[in-house]
Amino acid sequence: MTGLGLVASPAHADGPGSGTPYVVTVGDSYISGEAGRWAGSSNDSEAPADALGAHAYHDNATHTAELIPKCHRSQSAEAYVGGGVGGLNLACSGARTTTGTGSDFKPGIDFYDDGAGKQGQAKMLQVFAATHNVKQVVVSIGGNDFNFASIVTQCVQDFLLSPSWDPDYCRDDSSVVANFTASNITTVQGKIATAFQNVRTAMRNAGYGDSAWTLVVQTYPSPIPAASGFRYGQSGYTRQSVGGCGFWNADADWANSTALTTINNTVRAAIGQSGLSNARLLELQSAFNGRRLCENTVGLYEEVGLSSWTQPTAVDKTEWINQIRTVTTVGSNYFIQESLHPNYWAQLALRSCVRQTYTQNRGGTCTIAGTGLVNGEPRMTLN
């Protein structure tokens, strides 16, 4: 006969409210870690900026391949806040609110399941959360529903194919304007709101009450400066051939004041439309100001007299946004899809921002707080 108190209670399995706490990221390339291999840029050699090497995006158990090809879930991605908190990155470069099953599988924030292993991000989250203690889900979504990549492509083409004395602007191209009509904005806002609701449904299905976890919605950062902030003039082709930032001044101003603002306003409005009571906003629109692509406060490695990303001042003197690559990239280790995305420095900066939302249990506006690195990350502050 066993005495009272001597019988060991069964181990409580990890799940809602039990076990190591987790931060899970869902969404698109601006949270998956796209471009996270590169710490700044150099036109002389890849070596100075290659922070993570050939396995940067390999997220399988042995870090030898991608679980989903071209999702580019970088090892420097913001999911991995550390400090006893687990991280899971379910985001995928190129993802929209809903799953795309074309030539490249792109899981959206939905419950797609083909029965053969391909699932939407909401379904993946639901499965994971059932056996892990998910405390915070961070989402970046909506940019691809506005056809972000196509807009950038059109802007660069207009820059390269028209002369400075008679520029063709992308801001008034029909293919670009169509994305920002009132009706399309309303449509995309609804899709984003549904994506947020899908995250809530996934968590409820996994056994969580709405107050047991937090959804952090991040806005998109400005990747290029306004016209006055470029270090290359717009005449000739230097802005693209050297800087990899082929935008006309007028289009750069439009991109910041209209396109980016509209996209972020739509993301913010979708939070209200979704009705989620546990959502918080992480404002990132100005997070990289001073370190943006082609900004006159930073430069390529050869322009600022540095030879490696490991040098102490590299984080402050080099760019945090990857150059816009064209088909001339073929044959190098760069991917065209890395263009205009937050790079290694920016990924670690965003990780700091997410960690602060977690530890301080709030949203806010995240911005650069100083020079140098702290614990290997850029100095950021959540206000």
Side-chain angles (χ1 to χ4, degrees), residues 29-30 33-52 56 72 74 76-78 152 155-156 159 220-234 238-247 252 255-256 260 284-326 329 332-353 366-373 376-380:
S29 56
Y30 268 68
E34 182 69 84
R37 175 175 179 172
W38 310 103
S41 295
S42 168
N43 291 335
D44 291 347
S45 166
E46 296 174 6
D50 193 356
L52 292 181
H72 283 192
S74 163
S76 58
E78 58 195 83
V152 172
C155 291
V156 175
F159 177 80
Y220 292 92
S222 167
I224 59 171
S228 60
F230 281 87
R231 63 177 183 269
Y232 310 108
Q234 67 172 351
T238 306
R239 188 171 282 186
Q240 176 59 33
S241 63
V242 176
C245 54
F247 278 72
N256 279 290
L260 181 65
L284 298 176
Q285 187 155 330
S286 302
F288 305 144
N289 288 13
R291 307 282 194 280
R292 290 172 291 186
L293 180 62
C294 293
E295 200 155 14
N296 55 22
T297 45
V298 286
L300 303 174
Y301 277 87
E302 54 269 27
E303 291 173 340
V304 297
L306 295 175
S307 59
S308 172
W309 68 276
T310 61
Q311 291 171 278
T313 59
V315 65
D316 305 311
K317 293 183 176 181
T318 62
E319 299 160 326
W320 290 13
I321 301 293
N322 237 45
Q323 290 178 310
I324 299 170
R325 304 282 173 178
T326 62
T329 304
S332 71
N333 289 312
Y334 298 113
F335 293 95
I336 291 176
Q337 70 182 68
E338 293 171 325
S339 298
L340 213 62
H341 283 83
N343 66 17
Y344 176 82
W345 299 129
Q347 298 294 337
L348 297 186
L350 292 174
R351 183 184 293 179
S352 174
C353 296
C366 206
T367 53
I368 296 171
T371 57
L373 300 169
E377 296 173 348
R379 297 177 186 273
M380 304 295 289

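Position 1 is the first residue of the sequence, and the numbers go up from there.
Contact record, P225 with F230: O-CE1, 3.3 Å, taken as the closest heavy-atom pair. Closest of all the heavy-atom pairs between T371 and R379 is O-NE, 2.8 Å. Of all heavy-atom pairs between G40 and N343, the closest is N-ND2, 3.0 Å. Looking at every heavy atom in both residues, A346 comes nearest to F288 through CB-CZ, 3.5 Å. The two atoms that bring F247 and I324 nearest to each other are CE1-CD1, 3.7 Å, heavy atoms only. Pairing each heavy atom of S307 with each of P48, the nearest pair is O-CB, 3.4 Å.
A side-chain donor-acceptor contact under 3.5 Å links R351 to the backbone of A77. The main-chain N or O of N333 is found under 3.5 Å from a side-chain atom of E46 such that the two form a donor-acceptor pair. Judged by distance alone, the side chain of S76 and the main-chain N or O of Y344 form no donor-acceptor pair under 3.5 Å. Counting only distance, with no hydrogens or angles, the side chain of R239 and the backbone of Y232 share a donor-acceptor pair below 3.5 Å. Listed for the W320 side chain is no donor-acceptor partner under 3.5 Å among the backbone atoms of Q347.
Atom CG of L284 and atom SG of C366 lie 6.5 Å apart (nearest 0.5 Å). For the atom pair CG of L300 and CG of D44, the computed distance is 8.5 Å after rounding to the nearest 0.5 Å. Atom OH in Y334 sits 7.0 Å away from atom CD in Q323 (nearest 0.5 Å). Taking OG of S42 as the start and CH2 of W309 as the end, the distance is 15.5 Å to the nearest 0.5 Å. Put simply, CG on N322 and SG on C245 are 12.5 Å apart, with the number rounded to the nearest 0.5 Å. Annotation: the span from I368 atom CD1 to S352 atom OG amounts to 11.0 Å, rounded to 0.5 Å.
In this structure R37 satisfies the salt bridge (Lys or Arg N to Asp or Glu O under 4.0 Å) test together with D50, sequence neighbours excluded. Residues satisfying the side chain to side chain contact (heavy atoms under 4.5 Å, CB included) test with S308, not counting sequence neighbours, are T310, Q311. Residues satisfying the side-chain hydrogen bond (donor to acceptor under 3.5 Å, both in side chains) criterion with T318, sequence neighbours excluded, are W345. Remark: Q240 engages no residue in a side-chain hydrogen bond (donor to acceptor under 3.5 Å, both in side chains) (not counting sequence neighbours). With sequence neighbours excluded, the residues satisfying side chain to side chain contact (heavy atoms under 4.5 Å, CB included) with P223 are Y30, I321, L340. With sequence neighbours left out, H341 forms a side-chain hydrogen bond (donor to acceptor under 3.5 Å, both in side chains) with S29. Listed by chain and residue number, N249, D253 satisfy the side chain to side chain contact (heavy atoms under 4.5 Å, CB included) test with A227 (two or more places apart in sequence, or in another chain). For A49, the side chain to side chain contact (heavy atoms under 4.5 Å, CB included) partners at least two apart in sequence or on another chain are W38, Y301. The side-chain hydrogen bond (donor to acceptor under 3.5 Å, both in side chains) search around S286 returns none, not counting sequence neighbours.
Screening residues 336-347 for salt bridge (charged side-chain N to carboxylate O under 4.0 Å, His left out) gives no qualifying pairs among residues at least two apart or on separate chains. Residue pairs meeting the salt bridge (charged side-chain N to carboxylate O under 4.0 Å, His left out) criterion with at least one partner in residues 291-302, sequence neighbours excluded, are R291-D316, R292-E295. Sequence neighbours left out, the pairs with a member in residues 220-232 that pass salt bridge (charged side-chain N to carboxylate O under 4.0 Å, His left out) are R231-E303, R231-E319.
For the pair S222 and N289, the minimum side-chain heavy-atom distance is below 4.5 Å. Considering only heavy atoms from C-beta on, V152 stays 4.5 Å or farther from S339 through its side chain. Side chains of V242 and N43 form a contact here, defined as non-hydrogen atoms less than 4.5 Å apart. You'll find the side chain of P378 reaches within 4.5 Å of the side chain of L348, heavy atoms only. For the pair V304/V298, no side-chain contact is recorded, criterion being any heavy-atom separation below 4.5 Å from C-beta on.
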